[in-house]
There are 2 protein chains.
Amino acid sequence: MTKKLLLKDVAKLAGVSEMTASRALRGAPDVSAKTKAKIEEIARIHGYVPNRIAGSLSSQSVNLVAVVVPSLNSFVFPEVLSGISAVLKESPLKPVVGVSGYDLEEEESVIREMLSWRPSGLIVAGLEHTEVTRRMLQQTDCPVVEVMDVDGDPVRHCVGISHLQAGRGMAEQILARGYRNIGFIGTKMPQDFRARKRFDGFTDGLAAQSLTLADLEHYSGESSIQTGRQLTSQMLARNPRLDCIYYSSDVMSVGGLMHCLAAGLSVPGDIALAGFNNLQILQGLPLQLATTDACRHEIGERAARIILKSRETGGAEGLVFDRLTPAISLGETL
Amino acid sequence: MTKKLLLKDVAKLAGVSEMTASRALRGAPDVSAKTKAKIEEIARIHGYVPNRIAGSLSSQSVNLVAVVVPSLNSFVFPEVLSGISAVLKESPLKPVVGVSGYDLEEEESVIREMLSWRPSGLIVAGLEHTEVTRRMLQQTDCPVVEVMDVDGDPVRHCVGISHLQAGRGMAEQILARGYRNIGFIGTKMPQDFRARKRFDGFTDGLAAQSLTLADLEHYSGESSIQTGRQLTSQMLARNPRLDCIYYSSDVMSVGGLMHCLAAGLSVPGDIALAGFNNLQILQGLPLQLATTDACRHEIGERAARIILKSRETGGAEGLVFDRLTPAISLGETL
DNA sequence: ATCGGTTTCGCAACCGTTATCGATACCGGA
DNA sequence: TCCGGTATCGATAACGGTTGCGAAACCGAT
């Protein structure tokens with residue numbers, strides 16, 4: 001940890017001007033192969049790490065894409081991220097993740113923080129934001145993509161699925177298979193707008209056949225197998241006639257399955273189960289749980305592509321509204 | 001999206017100098033409450049987002065902490081992250097995550113990228129790095145904390161557990177309970193150094209009682225319940241006398257449990273199972289799986305505290321070497 | 001009215017890199 | 001040998017804020 005090593009030092013050591021050193025290290029043109037090699041060598045030996053803060057300020061460009069998601073524990077967003085990373089890998093852009101904790105105020109502050117770094121693009125989960133956030137998203141001149149959800153009014157680009165439709169679709173499947181005493185277990189609504197939409201779509205679907213939910217349970221905090229199991233146990237105890245439960249997340253339905261296993265209930269004979277997301281953890285369980293695929297990876301990929309395209313066209317690209325179709329898989333529990 | 005709104009514009013609108021506006025918006029002293037309120041109001045109305053690139057260049061300070069982890073899908077690092085976030089929440093610092101994909105070359109490039117933003121600190125998982133990475137970590141003047149592992153030679157600060165010890169400890173427990181035909185299922189070693197250390201510690205522990213592994217299986221790619229189940233099935237098929245399997249991850253041991261459930265094997269009567277990490281997903285399963293807690297949240301907290309302290313002392317703080325003790329929980333499967 | 005001590009504010013000089021554009025070196029052809 | 005054109009390089013001025021002072025304004029007390 002000697003002295004801070006600056007570009008000017010590297011340049012001096014190489015016997016060239018700052019400019020030439022800068023160009024060489026960035027791979028910019030107008031530098032002879034020989035000088036470039038020499039400068040690179042010197043930079044390598046001395047362990048020069050360029051100061052991108054200064055560089056970005058000067059070039060007015062930042063090779064970062066801000067990605068704002070509600071949580072990283074929930075199994076679901078990492079996969080969106082991997083879609084984004086996969087596409088960005090072929091470009092100089094890098095994703096930077098911010099976590100909003102399912103809290104719109106926190107989201108506002110995270111987005112403000114990210115925008116203050118002037119990223120090349122912003123990808124944010126969900127269409128619901130504070131007024132201030134919406135204004136920021138409108139005013140910023142980097143491309144903005146709202147992902148995961150299409151039921152609402154996007155600020156700019158939008159890629160996702162309709163959770164209303166997903167909920168309704170699952171209701172139809174459940175009804176088609178003859179279940180009539182149906183329970184719902186989901187997160188506290190104010191936290192998770194998409195879960196609420198699935199719930200609304202689901203009850204809509206029931207209402208279309210003049211049915212209502214036989215039972216309903218909300219929980220707060222992160223979803224977990226544990227909570228899924230407990231709430232299922234409680235619900236079945238107080239409502240033994242239930243023949244099907246729809247969960248707002250696969251993690252919860254796995255918990256439901258675990259309860260049934262432990263209680264010796266046959267699935268779907270005694271009770272049918274269905275979740276949402278088509279998470280990885282569904283693979284390898286005793287029964288293939290019914291679920292709806294949320295197209296997470298593809299959503300990430302498409303969002304990233306919008307950012308890339310917008311970079312090429314210089315922000316003059318047309319508005320994208322990508323509504324993917326969530327596929328239901330019935331598994332063995334419906 | 002009118003014109004870029006700069007500090008100078010806000011200042012002009014408020015009828016003050018740039019300096020006063022800058023101070024007001026940063027909450028710096030030497031601004032009267034009245035002027036400050038006025039400036040803030042104007043900034044709010046017009047949706048001014050400060051340019052932190054310029055700010056950081058000028059103030060030579062960046063309120064970001066770089067966190068480099070191998071993966072976000074693996075269930076384990078998000079919890080380290082949440083420990084970091086929890087501690088940083090009380091400070092102006094924000095974590096920024098980079099993913100290295102269990103690849104040291106990629107890690108090098110991610111770390112170089114992060115350091116080029118001159119963060120206030122760097123937290124990186126693991127003690128194994130390329131030579132170039134080590135040099136960067138030594139040369140940088142921000143505090144560096146290597147986490148998760150203590151078996152090795154840290155560049156500077158270090159917080160983690162001994163995976164050698166964790167493996168050995170589990171071996172002792174398994175042997176103490178009378179198991180003698182023991183199998184191991186783990187990730188391909190070159191990818192995951194900590195898994196390899198647990199493996200080494202485990203075989204050491206067996207060797208201490210003149211035992212060797214009865215069977216061994218490696219897989220590549222991410223751990224999953226699915227693979228855990230498949231590999232367990234294969235191993236038990238070719239080696240029916242096995243009485244215990246140790247997995248390099250809980251995700252895998254859950255898969256093992258699922259196989260046993262499906263195959264009608266009694267656990268631990270027919271076969272005992274043990275994993276590692278003490279992941280959330282172990283809660284709510286039919287049986288409480290044996291595991292070792294990896295202290296993930298606490299490791300994150302402590303690492304973040306080191307960064308904070310170093311900020312106070314101006315980098316003059318002493319070297320920290322925190323070796324936490326991983327607690328084994330036997331559950332019901334040993 | 002004068003004075004010392006605070007507040008409150010603004011000027012100027014940076015922070016480390018890159019864009020711009022002009023200067024110089026080099027090269028083959030006339 | 002001279003010339004136009006192309007490689008290669010360097011001086012200078014940004015980029016948008018903040019630090020470090022000094023200046024001005026304000027205050028109650030003398």
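The basis for the numbers below is simple: all heavy atoms, side chains too, and nothing from hydrogens, waters or symmetry mates. To find a chain, count down the sequence lines: A is the first, B the second, and so on, and within it residues start at 1.
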**Request:** Write down the distance between CG (B:Asn51) and P (D:dT18), rounded to a whole number of angstrom.
**Result:** 9 Å
**Item:** Integer-rounded Å distance: C:dT7 C1' and B:Met19 CE
**Value:** 15 Å
**Request:** Measure distances between side-chain N and O atoms of B:Ser17 and base N and O atoms of C:dG10, and say whether any donor-acceptor pair falls under 3.5 Å.
**Result:** no
**Complete:** Comparing B:Gly15 with A:Asp30, nearest DNA chain C nucleotide closer to 5' gives the residue B:Gly15
**Prompt:** With a 4.0 Å cut-off on heavy atoms, is B:Leu57 in touch with a base, just the backbone sugar-phosphate, or nothing at all?
**Reply:** base
**Prompt:** Taking for each residue the nucleotide of DNA chain C bearing the nearest heavy atom, is the 5' side occupied by A:Ser56 or by B:Glu18?
**Reply:** B:Glu18
**Request:** Among D:dG17, C:dG16, D:dG10, find the nucleotide with the atom closest to the side chain of A:Leu6.
**Result:** C:dG16
**Message:** Rounding to an integer number of Å, can you tell me how far B:Arg52 CZ sits from D:dG17 C1'?
**Reply:** 12 Å
**Request:** Using a 4.0 Å heavy-atom cut-off across all strands, classify A:Thr35 as base, sugar-phosphate, or nothing.
**Result:** sugar-phosphate
**Request:** Write down the distance between CZ (B:Arg26) and P (D:dG20), rounded to a whole number of angstrom.
**Result:** 11 Å
**Complete:** Separation of C:dC9 atom P from B:Lys34 atom NZ, nearest Å, is 9 Å
**Message:** Is a donor from one side chain sitting under 3.5 angstrom from an acceptor on the other, for A:Ser116 and A:Arg112?
**Reply:** no
**Asked** Looking at A:Ser22, does any N or O in its side chain come under 4.0 Å of the phosphate oxygens OP1/OP2 on C:dT18?
**Response** yes
**Integer-rounded Å distance: C:dT18 P and A:Leu25 CG** = 8 Å
**Message:** Can you see whether A:Glu146 engages A:His129 through a side-chain donor-acceptor pair at a distance of less than 3.5 angstrom?
**Reply:** yes
**Prompt:** Could you state the CD1-P distance from A:Ile39 to C:dT18, rounded to the nearest angstrom?
**Reply:** 12 Å
**Asked** Does the side chain of A:Tyr48 get closer than 4.0 angstrom to OP1 or OP2 of C:dG16 through an N or O atom?
**Response** no
**Message:** Is there, by distance only and without an angle test, a donor paired with an acceptor across the side chain of B:Arg23 and the base of C:dG10 below 3.5 Å?
**Reply:** yes
**Prompt:** Judged by modelled atom types alone, do A:Glu106 and A:Ser100 share a side-chain donor-acceptor pair under 3.5 Å?
**Reply:** no
**Message:** Does a side-chain N or O of B:Gln60 approach OP1 or OP2 of C:dC14 to a distance below 4.0 Å, or not?
**Reply:** no
**Prompt:** Can you tell which of D:dC9, C:dC9, C:dG16 lies closest to the side chain of A:Thr20?
**Reply:** D:dC9
**Prompt:** Cut-off 3.5 Å, side chains only: do B:Ser82 and B:Ser85 have a donor facing an acceptor?
**Reply:** no
**Fill in**
In B:Ile123, B:Leu137, B:Ile306, B:Ile307, the residue satisfying side chain to side chain contact (heavy atoms under 4.5 Å, CB included) with B:Val144 is B:Leu137
**Prompt:** Side chain of A:Ser59, base of C:dT18: donor and acceptor closer than 3.5 Å?
**Reply:** no
**Item:** A:Lys8 NZ to C:dC14 C1', straight-line distance once rounded to whole Å
**Value:** 11 Å
